[in-house]
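First up is the structure itself, then whatever we jot down about it.
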Amino acid sequence: MITTAQKISLTVLRVFIGWHFLYEGISKLQNPNWTSSGFLKESKGLLSGFSMWIVSHQGLLQVVDFLNEWGLTAIGLGLILGLFSRVASISGVVLLLMYYFVNPPLVGLEYSTPMEGSYLVINKTLIEAAALFLLSVFPSGSIAGLDLFISKSGMTNKKVKK
(Lines give C-alpha, C1' and ligand atoms only; values in the text may rest on other atoms or scores of the structure.)
Protein backbone atom coordinates (compact mmCIF):
# COMPACT_ATOMS: atom_id res chain seq x y z
CA MET A 1 0.00 0.00 0.00
CA ILE A 2 1.26 3.46 -0.86
CA THR A 3 1.29 5.95 2.01
CA THR A 4 -0.02 9.50 1.74
CA ALA A 5 3.53 10.89 1.91
CA GLN A 6 4.56 8.60 -0.96
CA LYS A 7 1.54 9.67 -3.02
CA ILE A 8 2.35 13.34 -2.46
CA SER A 9 6.04 12.77 -3.28
CA LEU A 10 5.23 10.96 -6.53
CA THR A 11 2.75 13.65 -7.54
CA VAL A 12 5.19 16.48 -6.79
CA LEU A 13 7.95 14.71 -8.71
CA ARG A 14 5.62 14.21 -11.68
CA VAL A 15 4.53 17.86 -11.70
CA PHE A 16 8.10 19.18 -11.32
CA ILE A 17 9.40 17.08 -14.21
CA GLY A 18 6.32 18.04 -16.20
CA TRP A 19 7.06 21.71 -15.61
CA HIS A 20 10.62 21.19 -16.86
CA PHE A 21 9.42 19.49 -20.05
CA LEU A 22 6.64 22.02 -20.64
CA TYR A 23 8.96 24.98 -20.14
CA GLU A 24 11.59 23.50 -22.49
CA GLY A 25 8.94 22.85 -25.14
CA ILE A 26 7.34 26.28 -24.92
CA SER A 27 10.70 28.08 -24.93
CA LYS A 28 11.61 26.26 -28.15
CA LEU A 29 8.22 27.00 -29.71
CA GLN A 30 8.55 30.71 -28.91
CA ASN A 31 12.00 30.99 -30.47
CA PRO A 32 11.61 31.00 -34.28
CA ASN A 33 15.37 30.49 -34.67
CA TRP A 34 15.59 27.42 -32.44
CA THR A 35 16.80 24.21 -34.03
CA SER A 36 18.27 20.98 -32.73
CA SER A 37 21.00 21.23 -35.35
CA GLY A 38 23.70 22.50 -32.97
CA PHE A 39 22.99 19.80 -30.40
CA LEU A 40 23.00 17.09 -33.07
CA LYS A 41 26.21 18.38 -34.68
CA GLU A 42 27.93 18.07 -31.28
CA SER A 43 27.08 14.37 -31.09
CA LYS A 44 29.89 12.10 -30.03
CA GLY A 45 27.75 9.34 -28.59
CA LEU A 46 26.25 6.11 -29.81
CA LEU A 47 23.81 8.02 -32.01
CA SER A 48 26.38 10.33 -33.63
CA GLY A 49 26.01 8.78 -37.11
CA PHE A 50 22.25 9.02 -36.85
CA SER A 51 22.55 12.63 -35.64
CA MET A 52 24.74 13.61 -38.58
CA TRP A 53 22.31 11.93 -40.96
CA ILE A 54 19.44 14.02 -39.55
CA VAL A 55 21.44 17.25 -39.79
CA SER A 56 22.38 16.52 -43.41
CA HIS A 57 18.72 16.33 -44.47
CA GLN A 58 16.99 19.69 -43.95
CA GLY A 59 13.45 18.30 -44.21
CA LEU A 60 14.21 15.58 -41.68
CA LEU A 61 15.79 18.13 -39.34
CA GLN A 62 12.59 20.20 -39.52
CA VAL A 63 10.53 17.12 -38.60
CA VAL A 64 12.85 16.37 -35.66
CA ASP A 65 12.62 19.99 -34.49
CA PHE A 66 8.80 19.89 -34.71
CA LEU A 67 8.63 16.59 -32.82
CA ASN A 68 11.05 17.89 -30.21
CA GLU A 69 9.15 21.14 -29.58
CA TRP A 70 5.71 19.58 -29.47
CA GLY A 71 6.85 16.35 -27.83
CA LEU A 72 8.36 18.24 -24.90
CA THR A 73 5.22 20.36 -24.62
CA ALA A 74 2.81 17.40 -24.76
CA ILE A 75 4.85 15.31 -22.32
CA GLY A 76 5.01 18.27 -19.95
CA LEU A 77 1.26 18.87 -20.09
CA GLY A 78 0.54 15.17 -19.62
CA LEU A 79 2.75 15.01 -16.56
CA ILE A 80 1.47 18.22 -14.98
CA LEU A 81 -2.18 17.31 -15.53
CA GLY A 82 -1.70 13.63 -14.73
CA LEU A 83 -3.30 12.88 -18.10
CA PHE A 84 -2.06 9.69 -19.76
CA SER A 85 0.76 10.01 -17.27
CA ARG A 86 2.21 6.54 -17.93
CA VAL A 87 2.45 7.26 -21.67
CA ALA A 88 3.90 10.70 -20.93
CA SER A 89 6.46 9.20 -18.53
CA ILE A 90 7.59 6.51 -20.96
CA SER A 91 7.72 9.02 -23.82
CA GLY A 92 9.85 11.28 -21.63
CA VAL A 93 12.21 8.41 -20.83
CA VAL A 94 12.65 7.65 -24.54
CA LEU A 95 13.27 11.29 -25.41
CA LEU A 96 15.75 11.81 -22.57
CA LEU A 97 17.64 8.62 -23.42
CA MET A 98 17.94 9.84 -27.01
CA TYR A 99 19.40 13.12 -25.71
CA TYR A 100 21.74 11.17 -23.46
CA PHE A 101 23.01 8.84 -26.18
CA VAL A 102 23.53 11.71 -28.62
CA ASN A 103 25.83 13.55 -26.19
CA PRO A 104 26.82 11.29 -23.27
CA PRO A 105 29.11 12.52 -20.48
CA LEU A 106 31.91 10.01 -21.07
CA VAL A 107 35.63 10.28 -20.41
CA GLY A 108 37.52 11.63 -23.41
CA LEU A 109 34.57 13.32 -25.05
CA GLU A 110 34.77 17.08 -25.23
CA TYR A 111 32.04 19.34 -26.50
CA SER A 112 32.34 22.89 -27.80
CA THR A 113 29.44 24.07 -25.65
CA PRO A 114 30.20 24.10 -21.92
CA MET A 115 28.51 21.48 -19.77
CA GLU A 116 26.75 22.38 -16.59
CA GLY A 117 28.89 20.80 -13.87
CA SER A 118 31.26 17.86 -14.11
CA TYR A 119 29.75 14.52 -14.94
CA LEU A 120 31.05 11.02 -15.43
CA VAL A 121 28.51 8.69 -17.05
CA ILE A 122 25.55 9.84 -14.91
CA ASN A 123 24.22 13.32 -15.56
CA LYS A 124 20.97 15.15 -14.84
CA THR A 125 19.43 13.89 -18.10
CA LEU A 126 19.94 10.28 -17.06
CA ILE A 127 18.70 11.00 -13.52
CA GLU A 128 15.54 12.64 -14.88
CA ALA A 129 14.99 9.63 -17.18
CA ALA A 130 15.31 7.31 -14.16
CA ALA A 131 12.79 9.43 -12.23
CA LEU A 132 10.35 9.25 -15.16
CA PHE A 133 10.82 5.49 -15.32
CA LEU A 134 9.93 5.35 -11.62
CA LEU A 135 6.81 7.42 -12.31
CA SER A 136 5.84 5.06 -15.14
CA VAL A 137 5.57 2.13 -12.74
CA PHE A 138 3.39 4.01 -10.23
CA PRO A 139 -0.07 5.28 -11.13
CA SER A 140 0.69 8.84 -10.05
CA GLY A 141 -1.85 10.28 -12.49
CA SER A 142 -4.53 8.16 -10.82
CA ILE A 143 -3.46 9.42 -7.40
CA ALA A 144 -3.80 13.10 -8.27
CA GLY A 145 -4.52 13.84 -11.88
CA LEU A 146 -6.92 13.50 -14.75
CA ASP A 147 -6.07 9.80 -15.10
CA LEU A 148 -8.24 9.31 -12.02
CA PHE A 149 -11.30 10.44 -13.97
CA ILE A 150 -10.37 8.39 -17.02
CA SER A 151 -10.02 5.24 -14.94
CA LYS A 152 -13.38 5.90 -13.27
CA SER A 153 -15.06 6.35 -16.65
CA GLY A 154 -13.89 2.92 -17.79
CA MET A 155 -11.49 4.10 -20.50
CA THR A 156 -8.62 2.09 -18.98
CA ASN A 157 -8.35 -1.62 -18.32
CA LYS A 158 -9.76 -2.63 -14.97
CA LYS A 159 -8.69 -5.69 -13.04
CA VAL A 160 -11.18 -8.51 -13.21
CA LYS A 161 -12.28 -9.68 -9.78
CA LYS A 162 -12.51 -13.41 -9.31
Side-chain angles (χ1 to χ4, degrees), residues 9-142 145-147 150 155-156:
S9 298
L10 289 169
T11 302
V12 168
L13 179 63
R14 189 192 78 226
V15 170
F16 281 13
I17 294 174
W19 174 261
H20 180 228
F21 270 74
L22 180 62
Y23 181 80
E24 288 292 328
I26 289 174
S27 68
K28 288 169 179 48
L29 284 167
Q30 290 181 335
N31 180 354
N33 297 318
W34 179 84
T35 178
S36 61
S37 177
F39 179 78
L40 294 170
K41 285 179 182 176
E42 283 284 311
S43 180
K44 293 177 175 56
L46 295 173
L47 298 178
S48 62
F50 182 64
S51 298
M52 294 307 132
W53 178 71
I54 291 170
V55 172
S56 68
H57 295 85
Q58 186 59 33
L60 186 55
L61 180 62
Q62 290 174 342
V63 168
V64 166
D65 287 349
F66 176 85
L67 292 173
N68 200 332
E69 294 164 336
W70 287 103
L72 286 165
T73 303
I75 292 167
L77 283 172
L79 291 170
I80 289 171
L81 299 174
L83 180 62
F84 306 116
S85 55
R86 181 162 285 146
V87 171
S89 295
I90 292 169
S91 299
V93 168
V94 170
L95 187 59
L96 289 171
L97 288 177
M98 287 174 48
Y99 292 164
Y100 180 84
F101 287 118
V102 167
N103 289 312
L106 302 176
V107 173
L109 298 182
E110 294 189 24
Y111 300 100
S112 64
T113 55
M115 293 182 83
E116 210 178 292
S118 299
Y119 301 108
L120 177 61
V121 181
I122 298 174
N123 63 6
K124 62 185 180 179
T125 303
L126 194 57
I127 293 167
E128 192 169 40
L132 280 173
F133 180 74
L134 173 76
L135 289 172
S136 76
V137 299
F138 286 96
S140 66
S142 296
L146 296 178
D147 287 344
I150 292 171
M155 290 179 64
T156 60

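Checked against Ser37 for a side chain to side chain contact (heavy atoms under 4.5 Å, CB included), the options Val55, Asp65, Val64 give a single hit: Val55.
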Dump the intermediate steps for side chain to side chain contact (heavy atoms under 4.5 Å, CB included) on Ser85 and Leu135, then the final yes or no.
-> CA-CA 8 Å; Ser85 55; Leu135 289 172; over 6 Å; no
After noting the C-alpha distance and the side-chain angles of Tyr99 and Asn68, does the key distance pass the side chain to side chain contact (heavy atoms under 4.5 Å, CB included) rule?
-> CA-CA 11 Å; Tyr99 292 164; Asn68 200 332; 2.7 Å; yes
Start with the C-alpha gap between Thr73 and Leu22, add the side-chain angles, then the distance that decides, and say whether side chain to side chain contact (heavy atoms under 4.5 Å, CB included) holds.
-> CA-CA 5 Å; Thr73 303; Leu22 180 62; 3.8 Å; yes
Kindly determine whether Leu29 and Leu72 satisfy side chain to side chain contact (heavy atoms under 4.5 Å, CB included), including the steps that lead there.
-> CA-CA 10 Å; Leu29 284 167; Leu72 286 165; over 6 Å; no
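Salt bridge Glu128/Lys124: absent, no basic N to carboxylate O contact under 4.0 Å.
The two residues Ala88 and Ile75 come nearest to each other via the heavy atoms O-CG2, 3.5 Å. The shortest non-hydrogen separation linking Ser136 to Ile90 is CB-CG1, 3.8 Å. Taking all atoms of both residues into account, the shortest heavy-atom contact from Pro105 to Tyr100 is CD-CE1, 3.4 Å. Nearest heavy-atom pair, Leu132 versus Val93, reported as atom, atom and distance to 0.1 Å: CB-CG2, 3.5 Å. Contact between Arg86 and Asp147 at its shortest, heavy atoms only, is N-OD2, 4.5 Å.
The environment of Phe50 atom CZ is sparse: at most 12 non-hydrogen atoms of other residues, nucleotides or ligands sit within 6.0 angstrom. The 12-atom threshold is exceeded at CH2 of Trp34, counting heavy atoms of other residues, nucleotides or ligands nearer than 6.0 Å.
At least one donor-acceptor pair closer than 3.5 Å links the side chain of His57 to the backbone N or O of Trp53. Checked by atom type and distance alone, the side chain of Ser43 pairs as donor or acceptor with a backbone atom of Val102 at under 3.5 Å.
Remark: Ser36 OG to Lys41 NZ distance equals 10.5 Å, nearest 0.5 Å. Between Asn33 atom CG and Lys28 atom NZ the span is 14.0 Å, to the nearest 0.5 Å. One distance of note links CH2 of Trp70 with CD1 of Ile26; it measures 8.5 Å at 0.5 Å rounding. The CG atom of Leu83 sits 9.0 Å away from the CG atom of Leu77 when rounded to the nearest 0.5 Å. Note that CZ of Phe16 and CZ of Phe21 are 15.5 Å apart. Values are rounded to the nearest 0.5 Å. Taken from CG in Leu61 to CG in Leu40, the straight-line distance is 6.5 Å, to the nearest 0.5 Å.
Side-chain contact between Leu134 and Leu13: present, with at least one pair of heavy atoms (C-beta onward) separated by less than 4.5 Å. Counting heavy atoms from C-beta on, the side chains of Val63 and Ile54 never come closer than 4.5 Å.
Aromatic ring pairs are classed by plane angle as parallel below 30°, tilted from 30° to 60° and perpendicular above 60°; the pair Trp19 and Tyr23 is parallel.
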